[in-house]
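Structure first, commentary second.
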Amino acid sequence: MTEINMEKSYDHLQTESDWYQKWEASGLFTPECNATGIPFSIILPPPNVTGSLHIGHALTLSLPDIIMRRKKMQGFNVLWLPGVDHAGIATQMMVEKNLKKERQLSKEDLGREKFLELVWQWKDVSEKKIVAQIKKLGLALDWSRMKFTLSDDMQGVVRRVFVKLYREGKIYQGTYMVNRCPSCKTVLSDLEVEHKEVQGRLTYIRYPLQQDPRKYIVVATTRPETMLGDVAVAVNPKDARYKKLIGQEVLLPLTGRTIPILGDDDVDKKFGSGAVKITPAHDPLDFKIALKHNLEKIVVIDELARMTGPIPEKYSRMDRFACRQEILNDLRALNLIEKEEEYFHNIGHCQRCETMVEPNISRQWFLKTAELAQPAIRAVLEKQVVFLPEKWEKVYFNWMENIQDWCISRQLWWGHRIPAYYCQDCQEVLVAEDTPGQCSRCASTRIVQDNDVLDTWFSSALWPFTTLGWQNDSPDFKTFYPTSIMATAFDIIFFWVARMIMMGIHCTGAVPFREVLINGLIRDEKGQKMSKTKNNTIDPLDLIREYGADALRFTLAIQAAPGMDISLSVNRIKGYKTFANKIWNASRYVIMNLQGDEDLQIDVQKISDADRWILQLLNATIEKVNMFFDDYHMYEAADLIYHFIWDEYCDWYLEFSKSDLESPHTRSVLKLTLFRILQLLHPFMPFISEEIYQKIKTEKDFLLQTEFPAFSKNFVFPETFAAIEVLKKVVAETRKTRTENRIEPNKKIVIYLKCDSAEEKEQMVKHLKYFNFLSRSQHTEIVDDLSVVAKGFRGVSQNWEILLPFADDQDRLRELQRLNGEHGKLDKLISQMESKLSGSGFVDKAPAEIILNFKKNLQEYIEK
RNA sequence: GGGCGGUUAGCUCAGCUGGUAGAGCAUCGGUUUUACACGCCGGGUGUCAGAGGUUCAAGCCCUCUACCGCCCACCA
């Protein structure tokens with residue numbers, strides 16, 4: 001035994017604090033463009049610069065890391081490129097809030113420039129934090145290439161793409177109905193609006209007819225306050241009730257205005273009263289109808305959701321909801337309310353702050369997406385981009401085929417400022433990468449830049465090629481684009497994945513990535529969605545501290561069936577921490593017994609049968625692991641590795657090896673198998689595998705530099721393998737027989753075995769030392785007839801019968817009872833199987849192999 | 001209103017192209033054997049949501065139903 005310096009229990013804190021820095025410092029994660037090996041690249045989905053690592057990141061980041069590490073070990077030229085996102089609204093709000101709290105100032109008090117300076121400072125601090133957190137996960141990221149979505153370089157590309165799209169007519173400015181969040185004080189794209197069902201009230205209001213004010217037409221609305229901006233009442237032209245009223249006018253209550261009644265097919269006869277008030281400035285449908293009929297658009301609600309415009313003074317500047325009450329009161333006083341109904345409907349809410357959004361007409365920048373979508377749809381149809389699991393393709397197609405133009409301007413300060421400039425003298429709009437010195441039309445120098453910035457997702461859409469340096473035609477871009485994989489959660493397929501595909505194809509002519517791995521959501525252990533309000537969130541950093549990044553990574557990997565949600569339980573993670581400890585101790589045993597004369601080139605002629613058995617099993621495991629990896633079924637690979645290590649390597653092989661430790665050949669196999677295990681494990685558990693590797697390493701400095709295991713045709717020993725498998729079963733049956741009959745676990749006893757197969761007997765004789773050790777046998781005899789040797793407890797396994805002689809009469813009694821019990825069970829099973837075999841169809845139609853198997857089992861049961 | 005998932009052991013989930021149900025945790029019994037008590041040995045546990053169909057054979061394929069969840073959608 002060698003003196004080694006390995007504690008009895010594994011300390012993840014120590015191991016995990018050491019290695020990352022060493023890996024990074026050695027340049028292990030930094031590829032060269034001209035290196036050998038097929039390029040394989042993944043761009044990290046950039047986390048918010050002000051965010052903090054959450055459990056969803058842990059999953060989305062671990063899975064590609066597992067893929068990357070194996071690819072790297074397989075000799076691919078691997079790039080795993082990190083970055084962080086400026087996250088427009090989120091970051092700006094955070095800094096604003098802080099400014100308010102600490103200095104009681106608003107961003108307007110500071111002014112744009114000063115405020116942005118503050119955000120940059122905040123960003124620098126915050127970035128360090130999130131980067132440190134990411135590193136804790138052990139990701140093999142190339143930090144030398146790290147990018148930030150709002151760096152000078154990125155600002156340049158974004159401007160360039162904007163100008164390009166503008167010149168192509170794909171970006172345009174226009175006045176349309178958009179969603180505005182009065183709390184975030186900016187417009188939003190459709191995707192940033194979440195529809196939630198709320199209880200509302202449908203109010204039926206009487207609008208008196210001008211011709212005869214005693215008569216009226218009733219309109220139904222959920223938003224009475226918008227009536228101040230009504231410009232018409234619309235009915236379905238086929239509606240018999242109202243047909244004759246078309247062309248007449250009504251007196252719009254509370255305003256003194258007169259508005260027409262018109263007919264439009266978009267009005268649903270069956271809903272409400274069948275008559276709709278038309279408020280073009282504050283409702284999307286009304287806006288559409290107004291366009292058709294060329295109606296005026298009267299804005300009565302401002303950007304902060306207060307009443308405004310040409311309305312009675314008493315309502316002016318009121319909040320929209322307060323005004324609603326006031327209007328209802330006033331209408332009631334005039335007896336103009338016919339009735340009110342409780343009504344549940346879906347209302348758009350701001351995704352970020354949950355405020356009800358206000359549909360609002362305003363002049364914004366849009367990206368025409370219909371044309372961009374076509375090649376992006378084709379790319380997926382043609383499998384240039386593959387979704388995994390495939391079902392997400394449908395979701396993607398459905399959205400892409402119904403895509404609406406994308407509102408890309410935001411009324412924020414933190415972000416990519418829109419490169420559009422306005423001439424103060426002739427109102428000319430100039431769009432250019434660099435600030436124009438003078439107006440191209442009137443030569444005026446009085447030029448101001450558009451105040452708005454771009455939706456954060458605009459720069460994100462360009463991320464795969466801008467990070468690689470498309471703008472400079474860089475070697476990285478040439479080498480690593482298109483990237484290999486994009487790993488992400490399904491909730492950003494529209495926000496990000498779809499847009500990356502559109503922009504990637506449009507700008508570079510090639511898809512941004514080949515495969516999209518969509519992972520599920522992480523839920524709590526009861527399967528509930530994690531949320532701060534439910535207080536069931538799990539902080540990955542706590543988990544890492546307590547159980548280790550390796551255990552966390554392994555848990556996520558083994559649970560991540562493609563696309564399925566994961567219910568994360570602390571117990572499970574605890575289990576894999578235990579697994580790490582098991583690996584540690586197995587290694588400890590191996591390393592303890594190494595003597596320095598081991599050779600990783602195994603001489604298969606000289607090794608033991610147990611050695612052959614484990615090498616064959618290892619070989620098969622390696623083959624399957626590689627298959628699973630190639631299908632992105634890392635969860636199955638992880639499961640296989642787990643069981644190989646625990647159930648086969650530790651439970652059986654290490655025990656077998658105790659009988660052969662004096663052989664340098666067995667010690668070589670011990671060392672080789674441990675090495676292979678560490679390699680297989682490395683993508684999943686990089687830290688512990690590295691730590692142990694360092695104790696047995698040969699040539700390469702780090703495990704990541706070694707070659708990932710591949711199937712070897714030298715390690716195929718089917719006969720020996722089968723013999724050891726039989727041995728295992730006989731040992732298991734012997735142990736079971738001992739336990740069932742309460743033979744003291746440690747007591748060494750005499751055991752008799754019987755088998756009719758000469759071949760198997762021969763094998764067993766060879767393996768008796770293993771049998772004796774594992775069965776706690778003092779002496780084992782293989783005999784031809786058990787009935788003549790002694791009375792004892794019986795066991796049957798495969799072709800083998802086992803006899804453990806009774807020590808006394810009590811033993812005998814116990815055995816009798818047990819046999820009676822078992823008899824009943826077997827009878828039932830046998831009759832079941834026999835009836836099946838005698839049934840008509842089974843024997844005729846089922847494949848021969850299956851019938852044989854069946855008969856064999858039946859035979860076994862009968863014999864018992 | 002469309003579309004998509006899920007329903008398997010006490011809990012959380014696997015189950016690949018149909019061949020007689022598995023894992024982790026929990027639980028029960030035994031065990032401090034010289035890598036590991038974060039261990040070792042052994043045990044119990046299921047009308048695979050319900051109904052019908054295809055098949056020699058269905059957790060797996062088809063149809064319907066129920067419950068749970070998600071996504072998309074401008075009915076005021």
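Order of the sequence lines sets the chain letters (A, B, ...), proteins ahead of strands, with each chain counted from 1.
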Considering every strand and a 4.0 Å limit on heavy-atom distances, what is the contact class for [X]: base, sugar-phosphate, or nothing?
X      : value
A:K277 : nothing
A:H633 : nothing
A:T221 : sugar-phosphate
A:E655 : base
A:F287 : nothing
A:Y343 : sugar-phosphate
A:F628 : nothing
A:L521 : nothing
A:V395 : nothing

Per [X] side chain, nearest of listed nucleotides [options]:
X      : options                : answer
A:R588 : B:rC4, B:rC36, B:rC38  : B:rC36
A:R735 : B:rC36, B:rC41, B:rC74 : B:rC41
A:L285 : B:rC40, B:rC74, B:rA35 : B:rC74
A:H195 : B:rC74, B:rA76, B:rC38 : B:rC74
A:P284 : B:rC74, B:rC38, B:rC36 : B:rC74
A:W646 : B:rA35, B:rA76, B:rC40 : B:rC40
A:R776 : B:rA76, B:rU33, B:rA35 : B:rU33
A:N398 : B:rC25, B:rC4, B:rC72  : B:rC72
A:N585 : B:rC74, B:rA76, B:rC36 : B:rC36

Could you tell me whether [X] and [Y] have a side-chain N and a carboxylate O separated by less than 4.0 Å?
X      : Y      : value
A:E598 : A:K671 : no
A:E342 : A:R201 : yes
A:K277 : A:D286 : no

Take atom [atom1] in [N] and the same atom in [M], then report the distance between them in whole Å.
N      : M      : atom1 : value
B:rA35 : B:rG30 : P     : 25 Å
B:rU45 : B:rG24 : C1'   : 16 Å
B:rA23 : B:rG42 : P     : 13 Å
B:rU55 : B:rC62 : P     : 16 Å
B:rU63 : B:rA73 : P     : 28 Å
B:rU8  : B:rC13 : C1'   : 9 Å
B:rC41 : B:rC68 : P     : 45 Å
B:rG18 : B:rC56 : C1'   : 12 Å

| Would you say the side-chain atoms of A:D639 pair up with the backbone N or O of A:Y635, donor to acceptor, closer than 3.5 Å? |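 No, the answer is negative, given that no donor and acceptor are paired below the 3.5 Å cut-off.
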What is the distance, rounded to the nearest whole Å, between atom [atom1] of [X] and atom [atom2] of [N]?
X      : N      : atom1 : atom2 : result
A:I492 : B:rC72 : CD1   : P     : 14 Å
A:D631 : B:rU17 : CG    : P     : 11 Å
A:F656 : B:rC40 : CZ    : P     : 16 Å
A:K574 : B:rC11 : NZ    : C1'   : 14 Å
A:I641 : B:rA23 : CD1   : C1'   : 16 Å
A:N571 : B:rC38 : CG    : P     : 15 Å
A:Y653 : B:rA35 : OH    : P     : 15 Å
A:N346 : B:rC71 : CG    : P     : 12 Å

What is the ring orientation for [X] with [Y], classed by angle as parallel under 30°, tilted 30 to 60°, or perpendicular over 60°?
X      : Y      : value
A:F554 : A:F579 : tilted
A:F287 : A:Y176 : perpendicular
A:Y642 : A:Y576 : perpendicular

| query | With a 3.5 Å cut-off and just heavy-atom distances, do the side chain of A:K582 and the base of B:rC36 make a donor-acceptor pair? | reply |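 Side chain to base: pair present.
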| Going by modelled atom types, is there a donor-acceptor pair between the base of B:rA35 and the side chain of A:E7 at under 3.5 Å? |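 No, the side chain and the base share no sub-3.5 Å donor-acceptor pair.
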| message | Need to verify one output field. Residue with the more 5' nearest nucleotide on RNA chain B, A:W584 or A:A732? | response |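 So the residue in question is A:W584.
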| said: On RNA chain B, compare the nucleotides closest to A:I347 and A:K577; which residue's is nearer the 5' end? | reply: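 Nearer the 5' end of the strand: A:K577.
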| A:K728 to A:Y770 six-membered ring, cation-pi geometry met (6.0 Å, 45°) |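 Geometry flag: not set, cation outside 6.0 Å or 45°.
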| request: Establish, for the pair A:K577 and A:Y547, whether the NZ or CZ atom is under 6.0 angstrom from the six-membered ring centre and no further than 45 degrees off its axis. | output: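 No, A:K577 does not sit over the ring of A:Y547.
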Does the structure show a Watson-Crick or G-U wobble partner for [N], both distances under 3.5 Å? Name it, or say none.
N      : value
B:rG24 : B:rC11
B:rG5  : B:rC68
B:rC38 : none

Phosphate OP1/OP2 of [N]: any [X] side-chain N/O under 4.0 Å:
X      : N      : value
A:Y635 : B:rG15 : yes
A:K8   : B:rC36 : yes
A:W399 : B:rC4  : no
A:Y589 : B:rU34 : no

